[in-house]
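Have a look at the structure below before the remarks.
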Amino acid sequence: MSKSKMLKPPVTAILTVALVAAIIACAVIFLIMNNRIRALNDMLVKSQAYSAQIDGQLNDLKKEYETLKDDYAELERTKAEQKNAKVVYLTFDDGPSQNTEKILDILDSYNIKATFFVIGKEGGYAAEICRRIITDGHVAGNHTYSHKYEEIYSSPDAFWNQYQKNDDVFFEITGRHLSILRFPGGSNNTVSQRYCNGIMDVLTKQAQQKGIVYFDWNVSSLDAEKKVQDTQVIINSVLSGVKDKQTSIVLMHDNNTKKTTVEALPVIIEQLKSQGYIFKTLDENTPPIQFLK
Ligand SMILES: [Zn+2]
């Protein structure tokens, strides 16, 4: 055997080593690639889940948007209806009385607010009623303290004293002023002439100078035409009175004898509601209805 032939490694051995090295290299590359693919796959799964979550949120937002759009359309419809609706102002004069609570209960059951032109009645019960008128969200107006024509219409000073006294008493009980006025008998009453000629002209002008808004009415319930008016007459008077009027100020009375007014009230409210009328309360900004200007 020659020396050079002994030192040369056999070709097969070299090829084997090279093959093993290649296999190891391939295995390492495969492992690295496999890990990389797994990582990418995980990222893909996560991004798909995130995308599904975003889609879900988007759907929720779309639903919310649709609901809000419907609510807004409904509000616009209600606003338009209210703008065109016929308005009724129910007003009750001469309380508080033993019937006021019943009236308040009825108004409450229909969720309707009204205006009470109160007179000065002292005592625990009257005070309780005055407070409830306010806490129930109704409006109280001034109808003078005594309501006695011979007293209030004896002179302008006497009238304003009675006006002020009523407000003082009411303020003491409720902490609220009687900001609007209804003249007993209305601004064009003629009974006052017996006690002071021309007094209504003076009083209505003075009210304007003082910035006091007074309200008469354009619908009468006729509940003061008799001591106890027939319930059906009251219902018919109001319903026929408000017909064809865009705005109605309805005169009713709240005193101990006016039981039929209380009886008529739920029927009147139900009828008017079913005909689309809405109910509001008077305040200084309501366009007034005045017999004498
Ligand atoms: Zn009165």
Side-chain angles (χ1 to χ4, degrees), residues 89-104 107 114-123 125-126 129-130 133 138-156 158-170 173 177-196 199-200 203-204 206-207 212-229 233-234 237-238 241 248-262 264-265 268 281-282 286 288-292:
Y89 299 91
L90 295 177
T91 67
F92 297 91
D93 287 11
D94 305 346
S97 79
Q98 288 161 9
N99 284 317
T100 320
E101 278 205 292
K102 292 172 195 152
I103 294 170
L104 290 171
L107 294 171
T115 307
F116 292 81
F117 287 101
V118 297
I119 63 172
K121 284 187 186 157
E122 312 263 356
Y125 173 77
I129 293 296
C130 289
I133 287 173
H138 303 287
V139 167
N142 201 329
H143 202 42
T144 74
Y145 184 82
S146 78
H147 197 283
K148 290 184 181 133
Y149 286 25
E150 69 273 23
E151 227 169 71
I152 60 172
Y153 294 137
S154 61
S155 73
F159 179 87
W160 293 115
N161 284 340
Q162 288 284 321
Y163 172 92
Q164 194 54 50
K165 188 178 177 186
N166 200 29
D167 188 52
D168 289 346
V169 170
F170 193 85
I173 295 167
H177 288 288
L178 298 163
S179 54
I180 51 173
L181 163 68
R182 175 168 283 158
F183 291 106
S187 65
N188 65 344
N189 79 82
T190 51
V191 187
S192 56
Q193 308 290 348
R194 289 186 213 157
Y195 311 106
C196 181
I199 189 169
M200 294 319 297
L203 291 178
T204 49
Q206 284 179 333
I212 298 166
V213 183
Y214 62 91
F215 289 87
D216 289 310
W217 55 90
N218 60 355
V219 177
S220 173
S221 66
L222 300 183
D223 66 349
E225 298 297 299
K226 276 185 184 177
K227 196 174 178 197
V228 180
Q229 182 60 278
V233 171
I234 298 173
S237 307
V238 176
S248 302
I249 298 182
V250 180
L251 172 70
M252 299 175 118
H253 289 86
D254 167 22
N255 64 42
N256 296 345
T257 60
K258 303 296 175 196
K259 291 183 173 66
T260 52
T261 303
V262 178
L265 189 57
I268 290 168
T281 52
L282 298 173
T286 311
I289 286 167
Q290 298 170 330
F291 300 138
L292 205 65

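Just follow the structure's listing: the first ligand is 1, and inside any ligand the first atom is 1. All values below were derived from every heavy atom in this structure, side-chain atoms included, with hydrogens, water molecules and symmetry-related copies excluded. When a residue number appears, it is its place in the shown sequence, counting from 1.
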Query - Heavy-atom donor-acceptor pair, Ser97 side chain to Asn99 backbone, under 3.5 Å - result: yes
Test your reading of the model: is there a side-chain donor-acceptor pair from Lys259 to the backbone of Val228, 3.5 Å cut-off? no
inquiry  = Checking His143 against Asn166: is there a side-chain donor and acceptor pair closer than 3.5 Å?
reply    = no
Taking 2.8 Å as the strict upper bound, the Zn ion (ligand 1) has protein N, O or S neighbours numbering 3
The ring pair (Phe, Tyr, Trp, His ring centres under 6.0 Å) partners of His138 (sequence neighbours excluded) come to Phe116
* Asked: Hey, is the main chain of Leu178 close enough, under 3.5 Å, to the side chain of Asn142 for a donor-acceptor pair?
  -> no
- Measure from the side-chain N and O atoms of Thr260 to the backbone N and O of Gln229, and report whether any donor-acceptor pair falls under 3.5 Å. yes
